[in-house]
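Worksheet: the structure to be examined is printed underneath.
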There are 2 protein chains.
Amino acid sequence: MKSKGLRITPQRDQVTEIALQQEDHFEIQFLINETQRIYPKISPATVYRTVSTLCEAGLLSETLQSNTGVTLYEVHHSAEHHDHIVCMDCGKIVEFHDEQMEEAQQAVTRKLSFEQVRHKHVIYARCGLLKRK
Amino acid sequence: MKSKGLRITPQRDQVTEIALQQEDHFEIQFLINETQRIYPKISPATVYRTVSTLCEAGLLSETLQSNTGVTLYEVHHSAEHHDHIVCMDCGKIVEFHDEQMEEAQQAVTRKLSFEQVRHKHVIYARCGLLKRK
DNA sequence: TTGCCTGCAAACACTTTGCAGTAGG
DNA sequence: CCTACTGCAAAGTGTTTGCAGGCAA
C-alpha cells in the first residue's frame with residue numbers, strides 16, 4: 001500500500017491505524033492525543049508529517065473547517081464525492097451529495113472556460129437546537 | 001456611517017479608505033503594506049483591529065482562501081451573493097452566481113432540517129494557461 | 001550500509017492581547 | 001474629561017524545519 005518507496009515504521013503504523021479507524025471528521029490535535037496515549041514518545045511533528053503523507057497517498061483528505069475554524073480531516077472514500085453542512089450552533093457536520101448541484105457546478109465552470117479540479121462547498125447553518133430552547 | 005459609538009481616527013480613516021478602494025480580493029498583509037506607505041507608524045495590530053471592525057460593520061467580508069491558503073477579504077457589496085472559482089495555476093479569482101445552484105442548496109439544507117445561514121462555495125479549477133504552454 | 005525517518009527544539013507565519021500613553025468627542 | 005483607540009512588544013496558535021542520531025530495508 002504505502003510501498004511506494006515509503007518506509008513502514010511503528011510511528012506511521014500507529015498514526016495510520018488510528019486515523020483510518022475514524023468514521024468522523026477529526027482534527028490533527030485529536031490524532032496527536034490519541035497516538036500519544038498508545039505511543040507516548042511520538043512527536044507532533046511526526047504526526048503532521050504522517051498526515052500529509054497520508055493525504056498525498058489519497059488515504060485522507062483535508063476536508064473543511066469546523067464551526068470554530070479548525071482544519072478537519074476525514075478518511076477518503078474514493079467512492080463518491082460529498083459536501084458538508086456545518087452547524088454553527090452545535091458543530092455537528094452532515095454530509096450530502098446532490099447530483100443536480102454537481103452538474104450545475106460543472107456547467108458554470110465550463111462556461112467560464114475553466115477545468116474543474118475540485119471544490120469546497122460548505123453550508124453553514126443552524127440545526128435549530130438552540131432556538132427551541 | 002461608523003457613528004455607532006465608534007471613534008473616527010486617522011488610522012481607521014486610512015485603512016478604511018484603502019480597503020474600500022480595492023476592487024479585488026486582498027490579503028491583510030497587502031493592506032498593512034499599503035497603509036504603512038502613507039502612514040508609516042501604523043501598527044499591524046491596528047490594521048487587524050480595524051479590519052475586524054469593518055467586517056462587523058458589514059463593509060468587508062472575509063471571503064475565501066487563495067490558492068496558496070491565505071485569507072482574503074473583499075469589499076462587501078450588499079447587492080447580491082456570489083461564489084468563487086480559484087485558479088490553481090495562476091491564482092486568478094472569478095466570481096459567479098447561479099440561481100439554480102442557490103436553490104438547490106436551500107432545498108438540500110431544508111431537507112436535512114437545517115436553516116441555512118451562509119455558505120462557502122469555492123471551486124478550484126485550472127484556467128488552462130499552463131496546459132497551453 | 002544507506003539514507004529515510006524520528007524526536008527535539010527552534011523557527012515560522014499569522015493573529016491576538018496587555019499595557020501605558022494618546023487623543024477623539 | 002473620559003474612555004476608546006493606538007503602538008509596542010510579548011504571547012498565542014498551529015504548523016514547519018534543521019539537525020543529529022536511529023532504524024528499516
Side-chain angles (χ1 to χ4, degrees), chain A residues 1-19 25-57 59-74 86 91 120, chain B residues 1-19 25-57 59-74 91:
Chain A
M1 183 59 108
K2 53 169 28 186
S3 308
K4 296 194 176 182
L6 299 176
R7 287 186 184 169
I8 296 172
T9 67
Q11 290 88 332
R12 286 184 169 176
D13 246 27
Q14 200 52 252
V15 173
T16 306
E17 184 176 331
I18 295 180
H25 308 79
F26 58 90
E27 38 189 287
I28 286 228
Q29 197 52 55
F30 167 82
L31 204 48
I32 294 175
N33 295 341
E34 288 303 296
T35 311
Q36 285 186 334
R37 251 214 314 237
I38 299 173
Y39 201 120
K41 55 181 157 48
I42 199 170
S43 143
T46 301
V47 178
Y48 275 100
R49 286 186 275 229
T50 305
V51 166
S52 70
T53 303
L54 291 175
C55 284
E56 280 164 29
L59 292 175
L60 291 185
S61 50
E62 181 188 320
T63 22
L64 72 158
Q65 311 281 107
S66 74
N67 59 337
T68 57
V70 186
T71 303
L72 297 179
Y73 292 82
E74 72 181 317
V86 177
K120 197 171 278 194
Chain B
M1 183 56 113
K2 50 167 34 187
S3 307
K4 297 194 175 182
L6 299 176
R7 286 184 185 172
I8 295 170
T9 67
Q11 291 90 331
R12 285 184 171 177
D13 246 27
Q14 200 52 252
V15 173
T16 306
E17 183 174 334
I18 296 180
H25 307 78
F26 58 90
E27 37 189 288
I28 286 228
Q29 197 51 56
F30 166 83
L31 203 49
I32 294 175
N33 295 342
E34 289 302 298
T35 311
Q36 285 185 334
R37 255 222 301 249
I38 299 171
Y39 200 119
K41 56 180 157 49
I42 199 170
S43 141
T46 300
V47 178
Y48 275 100
R49 286 186 274 228
T50 305
V51 166
S52 69
T53 302
L54 291 175
C55 284
E56 279 164 30
L59 292 175
L60 291 184
S61 51
E62 181 188 321
T63 24
L64 72 158
Q65 310 282 108
S66 75
N67 58 338
T68 57
V70 186
T71 302
L72 297 179
Y73 292 82
E74 71 180 318

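Chain naming here is simple, since letters A, B, ... match the order of the sequence lines and numbering starts at 1 in each. Because the structure is a prediction, the values reported are computed rather than measured.
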Rounded to whole Å, please give me the gap between [atom1] in [X] and [atom2] in [N].
| X | N | atom1 | atom2 | answer |
| --- | --- | --- | --- | --- |
| B/Y48 | C/dA13 | OH | C1' | 9 Å |
| A/L72 | D/dT15 | CG | P | 11 Å |
| A/I28 | D/dT16 | CD1 | C1' | 12 Å |
| A/Q29 | D/dT16 | CD | P | 13 Å |

Inter-residue atom distance [X].[atom1] - [Y].[atom2], 0.5 Å rounding:
| X | Y | atom1 | atom2 | result |
| --- | --- | --- | --- | --- |
| B/F26 | B/I18 | CZ | CD1 | 10.0 Å |
| A/Q29 | A/E34 | CD | CD | 11.0 Å |
| A/T35 | A/D13 | OG1 | CG | 11.5 Å |
| B/N33 | B/I28 | CG | CD1 | 11.5 Å |
| B/H25 | B/Y73 | NE2 | OH | 13.0 Å |

What does the inter-axis angle of the helix from C/dT1-D/dA25 to C/dG25-D/dC1 come out as, five pairs per end, nearest 10 degrees?
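The angle separating the two end axes equals 30°.
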Minimum heavy-atom distance A/Q36-A/P44, with the two atoms named
NE2-CD, 4.2 Å
Do [X] and [Y] have side chains that get closer than 4.5 Å, going by heavy atoms?
| X | Y | result |
| --- | --- | --- |
| B/T71 | B/E62 | yes |
| A/I42 | A/Q14 | no |
| A/L54 | A/T16 | yes |

Using heavy atoms and a sub-4.0 Å distance, could you list which residues of residues 32-47 of chain A are near DNA chain D? By number, please.
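Contacting residues: A/A45.
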Between D/dT6, D/dT15, C/dT6, spot the one nearest the side chain of B/Q11, thanks.
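Ranking D/dT6, D/dT15, C/dT6 by closest atom to the B/Q11 side chain puts D/dT6 first.
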For nucleotides 23-25 of chain C, give me every protein contact, N/O to N/O, under 3.5 Å, one pair per line with atom names.
unit_1: C/dG24; atom_1: O3'; unit_2: B/I8; atom_2: O; d: 3.3
unit_1: C/dG24; atom_1: N2; unit_2: B/R7; atom_2: NH2; d: 2.9
unit_1: C/dG25; atom_1: OP1; unit_2: B/I8; atom_2: N; d: 3.1

Toward the 5' end of DNA chain C, by each residue's nearest nucleotide, B/R49 or B/T71:
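Mapping each residue to its closest nucleotide by heavy atoms, the 5'-most match is B/T71.
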